[in-house]
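Written out below as structure tokens is the structure these notes cover.
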Amino acid sequence: MTDDKDVLRDVWFGRIPTCFTLYQDEITEREAEPYYLLLPRVSYLTLVTDKVKKHFQKVMRQEDISEIWFEHEGTPLKWHYPIGLLFDLLASSSALPWNITVHFKGFPEKDLLHCPSKDTIEAHFMSCVKEADALKHKSQVINEMQKKDHKQLWMGLHNDRFDQFWAINRKLMEYPAEESGFRYIPFRIYQTTTERPFIQKLFRPVATDGQLHTLGDLLKEVCPSVIAPEDGERKNQVMIHGIEPMLETPLQWLSEHLSYPDNFLHISIIPQPTD
Amino acid sequence: MPSSALWAVDLFGRVYTLSTAGQCWELCRDTQLEFKRVSAATRGCWGIACDNQVHVYVCASDVPIRCQEEAYENQRWNPVGGFCEKLLPSDRWPWSDVSGLQHRPLDGVALPSPHWEWESDWYVDENFGGEPTEKGGWTYAMDFPATYTRDKKWNSYVRRRRWIRYRRYKSRDTWAKIPSKDDPKQLPDPFNDLSVGGWEITEEPVGHLSVWAVSLQGKVWYREDVSHPNPEGSSWSHVDTPGEVVQISCGPHDLLWVTLWEGQALVREGINRNNPKGSSWCLVEPPTSENGIMHVSVGVGVVWAVTKDRKVWFRRGVNSHNPCGTSWIEMVGEMTMVDVGLNDQVWGIGCEDRAVYFRHGVTPSELSGKMWKAIVASRVCDRSHSGSSSSLLSAGCFFGDEVRVGGDSCVPSDTDASSEAERPGPEQPVPAESPESPGHSKRSSASAAEHALEGAGPADGTPGPEPCPGQASPPAELPWTSIDLKEPKKVPSHMAEPPGLSSLELLPLGLEEPYCADDHPLWVWVSGGGCAVEAHTVLKWFSAQAGLSSSMQTLSLSITPAQTAAWRKQIFQQLTERTKRELENFRHYEQAVEQSVWVKTGALQWWCDWKPHKWVDVRVALEQFTGHDGARDSILFIYYVVHEEKKYLHVFLNEVTTLVPVLNEDKHSFALYTPERTRQRWPVRLATATEQDMNDWLALLNLSCCESRRVLGRPSPQAVWSITCKGGIFVSEPSPDLEAPEHPLPCDQMFWRQMGGHLRVVEASSRGVVWGIGYDGTAWVYTGGYGGGCFQGLASSTGNLYPQSDVKCVYIYENQRWNPVTGYTSRGLPTDRYMWSDATGLQECTKAGTKPPSLQWSWVSDWSVDFSVPGGTDQEGWQYASDFPSSYHGYKTMRDFVRRRCWARKCKLVTSGPWLEVPPIALRDVSIIPESPGAAESGQSIALWAVSDKGDVLCRLGVSELNPAGASWLHVGTDQPFASVSIGGCCQVWAVARDGSAFYRGSVSPAKPAGDCWYHIPSPAKQRLKQVSVGQTSVYAVDENGNLWYRQGVTPSYPQGSSWEHVSNNVRRVSVGPLDQVWVIANKVQGSHSLSQGTVCHRTGVQPLEPKGQGWDYGIGGGWDHISVRANATRAPRSTAQETAGGQGLPGGPSSVAGTLPEAVGPVCC
């Protein structure tokens, strides 16, 4: 019997093999070799691409370099989404490695946020964690933590230290013994087919009759269109961390085990591959 | 927490119980009788039936209530016929009691009541003071009465022998009528009220109960001699009262209040262990003169009352010294009666709706509680259709009733408007309707079904669902199956007949009826005397939940559905596939984030290595780094300053063998051992500022140690378990060379990791079954989890961790010296010990200054005199002696100038760990059969024997890998209380009795798990044995003086062996494993830096031809109390070859005795 703790490790150590190539229009002094890297699924693009930046800057003139940004098949990649989410949403059906084009010019102001430094990523990450705890525990847990605990969460993610991160994060995953789960489940549902960036609503892990809500219950409630009618086949995949949990999976368990480090369940709804 | 039950009587006189673990009232068996009063205790209940007869209901337990009857056969020698029954005229009776004064022929000893039966016929007791007499049980003396000896001498003119016979109480789990055979003059008139309590007044006799009753004429009666071995008591005795009594209430301790016809209360004073009936009455006026007291109920330190206007009152200031209290406080709510149960928890019956209410929030600091909460548990007959929404709603309809909520505004939040709307109007009691009336309301249909059920005789084989084909409607199957599951024995044979069917057909009809007002049960009486609710107990009585919660309440060890659910499997499977897909072919890619060093630092204190030893402030840093091969390693640095010079010491965590929390009164500290430090008996000791800090450090250091040794997850079935003197549980994975015949792994290199929980004894078997016993005797079974306790987060398993609690006593001594002027006083000589001290007298221990053993423990009782000390005490608990320190006796003589008495105070610890309680019998020792790998077919159940805290020998049935807790106890009769038991290979069972002698149990086999009879084995000369351990063939025992003995000459044909051979002294406890390996806890071991007490030691040089071994190898300690190597059947590889070779030569199987393996085989195979 495998332990649920192993799920946390598997989720944390998820890696996406990626091939970075420089955009063809970028001006270089000599030819830019593609750069291959294993990206942690739970981290953020701008947090783990120092090596990529250095690699391509070597072949470029200083004056041609402005803020780096990434794009996959024409879609700019939002650095403030976790890497695994970006991949699941945009590239899960394409072959590996994941091809990402690197840009140093023409920052798409209307699509992307600027990321001047890692402090920006930290601020974004911590605000997500706080928002999640507001939903789960009315912010009680995060507010009781000390500054150094917050720092340890961030440094754990930054340095890819599972133990360091989970030593603190487990407190965020607890709930009172007399309850059956969190107050609300922090989740975001992303769809490539709609204009809205994502769906986020208040949703409790336990129904009024005491039954645990499942992933299916959540989808039925917040985006019923995803679950196809009885006659047709399901037209969509529901994906978290590159896997498709069964719709019967209890939402509380998912939240405890398959949340990203920002404590949100990022759920991708993508069209069923046609093949 | 074992479940216990609340008892209640409904309007129709039916008695129901509600378990603290359940959420459903269950109808008491034997329901022919209707009751008007019940008063519960933990092991049973007393009640007055509607015919005014008193009945007692004794709950069944696996251990029978048995009583020994004895008679002595006396003979005198005469020159003609030798010893014969012809005695001198001045002599005693030929058949007599022990004193010889009473004539006691064997056939004249009768059963005391029809509720008893004989267990066997009379037989001669062969045991004389721990020694077998071997002469028909005769003991000899010069004359009656005299000192008897085993041996016949020239001047032995008389002899006697003891005949014994056991009787057994048979009327368990049923209402047994108390026979009235008292003096007709004194015979009480019909009883009107009854109350039981007093079980905390004294521990001697076992299970003493004070049973008080009030007759219709207003007289008070006390039932004499009620105790666990005598559940019926002996006779009623009248207790005079100054007025006419209507109602009575007796608390668990020394409180007793009664209400008078005129509305005042009487309080009994002078109740104590020597005088449970008390001595005098004291009058207490009602709260208001116009409304007298109608009902009182008392607990340990509280009194609640209901006045004639139904108002509820709480008496302020009640305690043992002032049983009358000081004043009344009015509480919110109107009740017809209230009842105070265990832990001073309170229940009541609502005046208007006749629902049972529980007083929420009663704690030791807030005895009056917070508010009344209605209990909405359904009854068993209701539960049969709990799947339907109608019963849910009807159950919920009591819940809206919050009129009586106390001052606190905290109301249960899940009361919703819909259930409020469903609530029927004011309840109308329906006394006119008899329960048997064939009305079509749901109540009558349900009760009709019940009556049909309870009319059942003994169960026959009719399977439950069979009558269903007669019924077309599918819902009928649901009630049927659940009834069938619940009480399979109640399915009566005549149920298949039409009358039974017709009553059942009403069930589905009732389901469809929307109107369910009558389903609301109307209660008349409730008793919480057997119901243990504590502040942290989670009760499921207050909401009616379907499905989910009922599946959650069954804390079964079998794998829970969540862990086998398809969704869970799929997630594990998909994650594995994902890793394969996304990583398999790309491992050569560079990692985006380089692994780096992570450091945790802190300011701690260190018990310095140099003298004088003291705590010094240090900086501590743990550096964790990952090598290129992915392996993790860590170093712990301790930076200190000595003579203004900065220094440090460091420890590689992969060398650490154990981290032990050292719990003492004032410091949070832990000890860190390496093999070197173990040899020195001088660990690194570090202290943190707070408990949280210590737990964080311990969890992190443990995790680092486990990771560097790749010890993760649950321990293997072969693991070696041990326990420290603080109750900490440690487990070690045995390496194959631990038991290698040559160059075994030194046992100071074993890595021990801690498991959550608190135990005194742990025993394991190689099939993964592990049992433990707490300090309070509670039996626990290992659940397969790991972590718990202070190991939160990553160091713990996700499931299989449960709360665990343990209770122990702290003892201090009050010492006094006699002087001619004032008698005994607490003024001693200047040379004397402290007047309040520990047992040795060296440490001062006052009542106020003595703290619980560590910060984990908290007091749960007040100081009380301990009367059960060895040597006996007088009535006030004093023991006398000529001087300190000396041997004490329980009576005063002319030469006694000092006296002492022992005070005990209970403290409790609450923790968590991978343990589940095995209720209800408290244990003293346990042993599981050791099995060599491959020897056992896994289908067979695992033999497990135990000794209860009262000395009963028990054999557990149904233990298996899938059900490690087993099913039930089988009681194995003995003639005296036992202390220790061990079951070895081939079901050899050995035991040690409390008199220090050993016993071998004959004919134990899987087919006959309890064997047939005991063979008495004399103990080694002048030694009293205290523990025995049996391996595959070796039998070892430890005596009270710390000697280790090996049983010589044990063979398959003569398993009792021939003699005890001395092996070693300095031994506290022994554990012999399935390879006949011998491990002990040594009393004292000298290291290079310090002396350790309580050290794990391994016997070296144990060989098939030399089962006694040659020397000792010293392992972890001091501070260790217990070890079990009985699961470790892991042989060194070459040893396996040896066994195979030996086995081929000797197909005798495992019963081939030690020593039959040819010695030459070993070296040849090497």
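Below, read A as the first sequence line, B as the second, and so on, with proteins coming before strands; counting in each chain starts at 1.
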Using heavy-atom distances under 4.5 Å, tell me whether [X] contacts chain B through its side chain, its backbone, both, or neither.
X	value
A:I83	neither
A:T18	backbone
A:H158	backbone

Taking the six-membered ring for Trp, are A:W253 and A:H257 parallel (under 30°), tilted (30 to 60°) or perpendicular (over 60°)?
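Parallel, since the angle between the ring planes stays under 30°.
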Could you tell me which portion of B:L583 (side chain, backbone, both or neither) has an atom closer than 4.5 angstrom to a non-hydrogen atom of chain A?
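For B:L583, side-chain heavy atoms alone lie under 4.5 Å from chain A.
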Residue B:E582 versus chain A: region with a heavy atom under 4.5 Å:
both
Establish, yes or no, whether the cationic atom of [X] lies under 6.0 Å from the six-membered ring centre of [Y] and within 45° of the ring axis.
X	Y	result
B:K569	B:F572	no
A:K118	A:W154	no
B:R714	B:Y786	no

Has the side chain of B:E961 got a donor or acceptor atom that lies under 3.5 Å from a matching backbone atom of B:G768?
no
Quick check for you: among [options], which has the greatest number of heavy-atom pairs under 4.5 Å with chain B?
options	result
A:M173, A:H241, A:Q164	A:Q164
A:Y35, A:W98, A:Y36	A:Y36
A:P250, A:S43, A:G14	A:P250

So that I can tick it off, tell me whether A:D160 and A:R15 are bridged by a salt bridge, with the cut-off set at under 4.0 angstrom between side-chain N and carboxylate O.
yes
